[in-house]
Amino acid sequence: MLIGVLFGIAACMIWGSVYVAPLILPDYSPAVIAMVRYFVFGLLSVGFAISQWKELRTYQWADWRRATALGIVGNIFYYWLLAEACQKAGASIAGAFTAMIPILVAVIGNLRAKEKAKPWRRLLPPLMLVLLGMICLNWTEFVVLVGSGSVTSGEFWLGVLFAFLSLFVWTWYPLSNAEWLLAHPEHSPKTWSTAQGLTLLPCAFIGMIVLLANESPETIMGPTPWLFLGVAIFLGIFASWIGIVLWSLMSQRLPPALGGQMIIFETLFAVIYAHLWREEWPTPLLVVGMTLLLLGVLGSLRVFSSSR
C-alpha cells in the first residue's frame with residue numbers, strides 16, 4: 001500500500017505543474033496550450049505503441065471507446081477548463097476546487113446509498129468547513145488578482161466558474177480510469193496510458209488544424225515560441241504520459257476510496273508552485289482557507305470511512 005501512496009504523491013507532484021503552466025504563458029490561449037500539449041502526448045504514445053503493440057491488439061472496441069472518452073473529456077476538455085480557471089482566477093482557486101473531488105464523490109455516493117447513507121448531521125460540520133475554506137480562498141485571491149489589476153472582477157468569477165466545471169470533469173476521470181484498470185488487471189497501466197494518448201493524437205491534430213485555419217502560425221506560437229514549446233513538451237511528456245502512468249500504478253494498488261483522497265496532494269503542490277512563481281508568501285487568509293478546506297475534506301472522508 002505504501003508503494004501505491006508514493007505513486008499517487010509522485011503523480012500529484014507532477015500534476016501540480018499544470019496549474020502554473022498557464023501562468024507562465026499568460027499570452028497564450030488555453031485552447032492552444034491544451035492542443036499542443038496533447039499533440040505532443042499523442043506523438044509520444046505512437047513511439048511507445050511500437051513496443052506495446054502486442055498488448056494493444058488485444059483491446060476490444062469497448063476498451064478503445066473508453067480510452068477515447070477518457071482522452072477527450074478527461075484530458076483536452078478538462079485541461080482547457082483548468083487553464084482558463086488558472087489564468088482568470090489563479091492556480092490556488094483551481095487547485096482548491098480539485099481538493100473537493102473526494103467530497104463530491106462521497107456525497108454522490110451517499111445520495112445513492114439510500115438506507116445505507118450516512119446521516120447528514122454528521123456530514124454538515126466538515127462540509128461547512130469546506131464552504132468556509134472556499135470563501136476564504138476566493139476572497140483572498142479576488143483581492144490579490146483584481147486589486148493588482150491582473151484581471152477584472154468579471155474575469156475572476158468567470159475563472160471560478162471554469163474551475164467549478166473542471167471539478168465535475170476531473171471527478172469522473174479518475175473514477176472511470178480506476179474502474180477500467182481494476183476490471184482489467186491483465187493489462188499494463190503503461191499500455192493503457194499509451195492507448196489514451198493514441199486516441200488523443202487525431203483529436204489534437206484536428207484541433208490544431210482548426211486553430212491554424214483561424215490564426216497564422218506566428219500568432220499561435222506567440223511572443224515567446226521557445227518557452228511555449230518547452231512548456232508544452234514538458235506537459236505532454238511528464239504531466240500527461242508519466243503522470244497518468246504513475247496514477248494508474250497507484251490505482252492498481254489502492255482502493256478507489258483511498259485513491260481519491262490522494263487528489264489533495266495535487267492541490268497542495270498547485271498552491272506551492274503558484275506562490276513560488278509569483279515569488280510571494282501566501283496570505284494569512286489563504287493559509288486559513290486552505291487549512292479549513294483540507295480539514296473539511298479529511299473530516300468528510302473520515303465520516304464515510306468510519307464504518308469500514
Side-chain angles (χ1 to χ4, degrees), residues 13-41 75-98 137-167 169-170 204 207-208 210-212 214-240 243 266-283 286 290:
M13 185 181 295
I14 293 174
W15 280 341
S17 65
V18 306
Y19 295 82
V20 76
L23 306 181
I24 298 174
L25 303 170
D27 299 320
Y28 292 83
S29 163
V32 172
I33 299 174
M35 289 302 171
V36 176
R37 169 188 176 179
Y38 290 111
F39 185 73
V40 172
F41 179 29
N75 286 279
I76 293 179
F77 184 59
Y78 165 73
Y79 192 61
W80 169 69
L81 291 172
L82 185 70
E84 289 280 7
C86 290
Q87 287 189 346
K88 291 179 170 61
S92 297
I93 294 296
F97 273 95
T98 301
L137 286 167
N138 277 272
W139 178 251
T140 188
E141 288 298 285
F142 179 84
V143 170
V144 170
L145 295 177
V146 177
S148 65
S150 301
V151 297
T152 65
S153 59
E155 288 174 333
F156 177 85
W157 293 114
L158 181 60
V160 172
L161 175 60
F162 279 120
F164 182 74
L165 294 175
S166 71
L167 163 67
V169 175
W170 197 235
M208 291 181 67
V210 173
L211 291 172
L212 288 171
N214 294 280
E215 302 283 352
S216 66
E218 293 78 12
T219 302
I220 292 176
M221 293 302 293
T224 54
W226 291 112
L227 176 63
F228 169 62
L229 287 176
V231 172
I233 291 172
F234 175 87
L235 292 176
I237 296 175
F238 289 91
S240 296
E266 183 176 330
T267 297
L268 293 176
F269 285 116
V271 174
I272 291 171
Y273 294 160
H275 283 80
L276 286 174
W277 175 252
R278 287 177 2 193
E279 297 182 343
E280 62 183 31
W281 289 96
T283 64
L286 186 142
M290 187 60 66

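- Ring geometry, Phe162 versus Trp80: the interplanar angle exceeds 60°, so the pair is classed perpendicular (tilted spans 30 to 60°).
- Between Thr224 and Asp27, the closest side-chain pair of non-hydrogen atoms is not below 4.5 Å.
- Glu155 has its side chain out of reach of Val146: every pair of non-hydrogen atoms, C-beta onward, lies at least 4.5 Å apart.
- For the atom pair CZ (Phe269) and CH2 (Trp15), the distance works out to 13.0 Å, reported to the nearest 0.5 Å.
- Judged by distance alone, the side chain of Gln87 and the main-chain N or O of Tyr28 form a donor-acceptor pair under 3.5 Å.
- Remark: side-chain polar atoms of Tyr19 are not paired, donor with acceptor, to backbone N or O of Gly90 under 3.5 angstrom.
- Heavy atoms only, all atoms of each residue included: Pro30 and Ala83 are closest at CB-CB, 3.5 Å.
- Of all heavy-atom pairs spanning Val36 and Ala232, the tightest one is CG1-CB, 3.5 Å.
- Note on ring orientation: taking the six-membered ring where Trp is involved, the planes of Tyr78 and Trp170 are parallel (angle under 30°, cut-offs 30° and 60°).
- Of all the heavy atoms in Leu211 and Ala31, the pair that sits closest is CD1-O, 4.4 Å.
- The line from CG of Leu161 to CH2 of Trp157 is 11.5 Å long, rounded to the nearest 0.5 Å.
- Tyr79 contributes a side-chain N or O that, together with a main-chain N or O of Val18, makes up a donor-acceptor pair within less than 3.5 Å.
- More than 12 heavy atoms of other shown residues, nucleotides or ligands fall within 6.0 angstrom of atom CZ in Phe142.
- At least one side-chain heavy atom of Met13 sits under 4.5 Å from a side-chain heavy atom of Tyr273.
- Heavy-atom minimum distance, Gly236 versus Ser240: O-CB, 3.2 Å.
- The line from OH of Tyr38 to CD1 of Ile33 is 11.5 Å long, rounded to the nearest 0.5 Å.
- Few gaps surround CZ on Phe234; more than 12 heavy atoms of other groups in view lie less than 6.0 Å from it.
- The distance from the CZ atom of Phe97 to the OG atom of Ser166 is 8.0 Å, given to the nearest 0.5 Å.
- Interatomic distance, CD1 of Ile14 versus CG of Leu235, reported as 11.0 Å (0.5 Å rounding).
- Between Ala239 and Arg37 the shortest heavy-atom distance is O-NH2, 3.1 Å.
- Two residues are said to be in side-chain contact when any heavy atoms from C-beta on lie closer than 4.5 Å; Leu286 and Ser92 meet this criterion.
- Summarising the geometry, atom SG belonging to Cys86 is positioned 11.0 Å from atom CD1 belonging to Ile24; distances are rounded to the nearest 0.5 Å.
- Taking all atoms of both residues into account, the shortest heavy-atom contact from Ala85 to Ala94 is CB-CB, 4.2 Å.
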